[in-house]
Trainee: 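Just passing along the structure, written as structure tokens.
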2 protein chains.
Amino acid sequence: MKYNEAKDKFIQAWGTLGSSWGISRSMAQVHALLLISPDSLSAEEIMEDLKISRGNANMNIRDLIDWGLVFKEQVPGERKEFFSAEKDIWKVAKQIIKERRKREIEPILTLLEELKKVDGTKTDKKHKAFIDTITNLESVVDKADFALTRAIKLDENALVGVLFKLFK
Amino acid sequence: MKYNEAKDKFIQAWGTLGSSWGISRSMAQVHALLLISPDSLSAEEIMEDLKISRGNANMNIRDLIDWGLVFKEQVPGERKEFFSAEKDIWKVAKQIIKERRKREIEPILTLLEELKKVDGTKTDKKHKAFIDTITNLESVVDKADFALTRAIKLDENALVGVLFKLFK
DNA sequence: CTAAACTTTCAAAATAAATTGAAAGTTATT
DNA sequence: AATAACTTTCAATTTATTTTGAAAGTTTAG
């Protein structure tokens, strides 16, 4: 397989994959392109390579910067901005976990806390089932939160150690 | 907060949440409704409660069954089918992890394995960067796969034990 | 076997999300 | 201060996803 073929395959597959993670195709593709680029790229180059519009490129680059997955770089003698991706995949994974935890787990916990306050008596079947579900959900989500919060503080080697200890 | 208010809030929030996990709003809402229902519900009741069409209800119930989150139940004397959700949230979480692992992690590993075969020389910067990225990705995804595969074999209490050992 | 009860399918319609591109906004250079 | 280089915004458009609902299919009861 030729380099260009492999590159296109990776970018396109990463784009498809992104969709199932709630990340837009373009954002995933910009990320993929920067991940495999040895040098930082300008918005112009990204647009041309991926055949996407200026607006799209700009928006997705900004989002990737917000996610902490891409950095702005200053190239001496060049006026325009260049961008490069975080290449340490473990850091990338941690960043993604961190962002999703903040965006998804925190709101669930807030919601569940709120919903526990529902009025009702213990003898009402529906009320009981509701409280049970909310309580059990909270317990599981709390544990996931705990695990993820700790995981993003580990380095990759420590994680490996932990995994082996855990599932020996 | 009244029961009905809390119920609606939960169903609506679960629907919204589902979206960010690549699950359609209706599917998440059907799941939420069944999760808090003490009794199993017919397709008819689900349609009416959530104000969704027959086809939509049917499709999403089937999908939830495929995911192993909902079961068909036979009610004596009734001809139509009734449905109920798995109420053990740890089992629910494990099912979701299991399905997503199969649908998302397996294809990535296949892709990365394939992409390692790219032609090229070690002196080519682009080729080297590509191989590095693919290799590092594979290493991280492999570890995630290992951790998830093991996690879905644990029961909830064992998981708690493991978490404490891990992050003492 | 036939009709009624119920379930599934799927093309069309509705909705939601992503993308474009040109105009407006900024910043640096002379 | 004027202009060129570059970045951002956003309304309009395109594309993708979800939902509908009526028709077709299936199963059970009589």
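Sequence lines set the chain letters: A, B, ... in the order given, protein chains first and strands last, and positions in each chain run from 1.
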Trainee: Looking at residues at least two apart in the chain, or sitting in another chain, which of them share a side-chain contact (heavy atoms from CB on, under 4.5 Å) with A/Leu17?
Mentor: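 By the side-chain contact (heavy atoms from CB on, under 4.5 Å) rule, A/Leu17 matches A/Trp14, B/Ile108.
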
Trainee: So, are A/Lys2 and A/Asp8 salt-bridged, with charged N and O less than 4.0 Å apart?
Mentor: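 Result for this pair is no, no salt bridge flagged.
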
Trainee: Roughly how many Å is it from CD in A/Glu78 to P in D/dT7, rounded to a whole number?
Mentor: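 After rounding, the reported distance stands at 10 Å.
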
Trainee: Would you mind building the protein contact string for nucleotides 17-30 of chain C? One character per nucleotide, 5' to 3', B for base within reach (heavy atoms under 4.0 Å), S for sugar-phosphate only, - for untouched.
Mentor: -SSBB-----BB--

Trainee: Rounded to the nearest angstrom, tell me the gap between atom CD1 in B/Ile61 and atom P in D/dT20.
Mentor: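 Rounded to the whole Å, the gap is 13 Å.
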
Trainee: List the residues meeting ring pair (Phe, Tyr, Trp, His ring centres under 6.0 Å) with B/Tyr3, not counting sequence neighbours, and say none if there are none.
Mentor: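 Partners of B/Tyr3 under the ring pair (Phe, Tyr, Trp, His ring centres under 6.0 Å) test: A/Phe130.
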
Trainee: Check B/Asp132 with B/Lys128, please: is the shortest side-chain N to carboxylate O separation under 4.0 Å?
Mentor: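 Yes.
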
Trainee: Just jot down the side-chain hydrogen bond (donor to acceptor under 3.5 Å, both in side chains) partners of A/Ser26, sequence neighbours excluded, or say none.
Mentor: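 Result, side-chain hydrogen bond (donor to acceptor under 3.5 Å, both in side chains) vs A/Ser26: A/Asn56.
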
Trainee: Among residues at least two apart in sequence or on other chains, which ones pass side-chain hydrogen bond (donor to acceptor under 3.5 Å, both in side chains) with A/Glu138?
Mentor: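 Partners of A/Glu138 by the side-chain hydrogen bond (donor to acceptor under 3.5 Å, both in side chains) criterion, ordered by chain and then number, come out as A/Lys116.
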
Trainee: What is the nucleic acid contact for A/Glu44, judged by heavy atoms within less than 4.0 Å: base, sugar-phosphate only, or nothing?
Mentor: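 The answer is nothing, as A/Glu44 stays clear of every strand by at least 4.0 Å.
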
Trainee: Whole angstrom is fine here: how far is it from CD in A/Gln74 over to C1' in D/dC6?
Mentor: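 Spelled out: CD on A/Gln74 to C1' on D/dC6 is 12 Å.
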
Trainee: Could you identify which residues of residues 62-70 of chain A place a heavy atom less than 4.0 Å from some atom of DNA chain C, listed by residue number, or say none?
Mentor: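 Listed by number, there are none.
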
Trainee: Does B/Asn58 make a side-chain N or O approach to OP1 or OP2 of C/dT7 shorter than 4.0 Å?
Mentor: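 So the side chain of B/Asn58 is outside the cut-off, no N or O lying under 4.0 Å from OP1 or OP2 of C/dT7.
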
Trainee: Going by side-chain hydrogen bond (donor to acceptor under 3.5 Å, both in side chains), name the residues that satisfy it together with A/Lys9, two or more places apart in sequence or in a different chain.
Mentor: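 Residues passing side-chain hydrogen bond (donor to acceptor under 3.5 Å, both in side chains) with A/Lys9: B/Glu114.
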
Trainee: Can you tell me the distance, in whole Å, between the CH2 atom of B/Trp21 and the P atom of D/dT17?
Mentor: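 After rounding, the reported distance stands at 19 Å.
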
Trainee: Taking only residues at least two apart or on different chains, which pairs with a member in residues 21-37 of chain B satisfy salt bridge (Lys or Arg N to Asp or Glu O under 4.0 Å)?
Mentor: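 Pairs touching residues 21-37 of chain B that pass the test: none.
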
Trainee: To the nearest Å, how far apart are B/Phe82 CZ and C/dA5 P?
Mentor: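 After rounding, the gap between these two atoms is 15 Å.
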
Trainee: Between side-chain atoms of residues 68-79 of chain B and protein atoms elsewhere (two or more places apart, or another chain), which donor-acceptor pairs fall under 3.5 Å?
Mentor:
residue : atom : partner : partner atom : Å
B/Lys72 : NZ   : B/Glu81 : OE2          : 3.2
B/Glu73 : OE1  : B/Ser40 : OG           : 3.2
B/Glu73 : OE2  : B/Ser84 : OG           : 2.9

Trainee: Atom CE of A/Met47 and atom C1' of D/dT7: how far apart are they, to the nearest Å?
Mentor: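 After rounding, the gap between these two atoms is 12 Å.
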
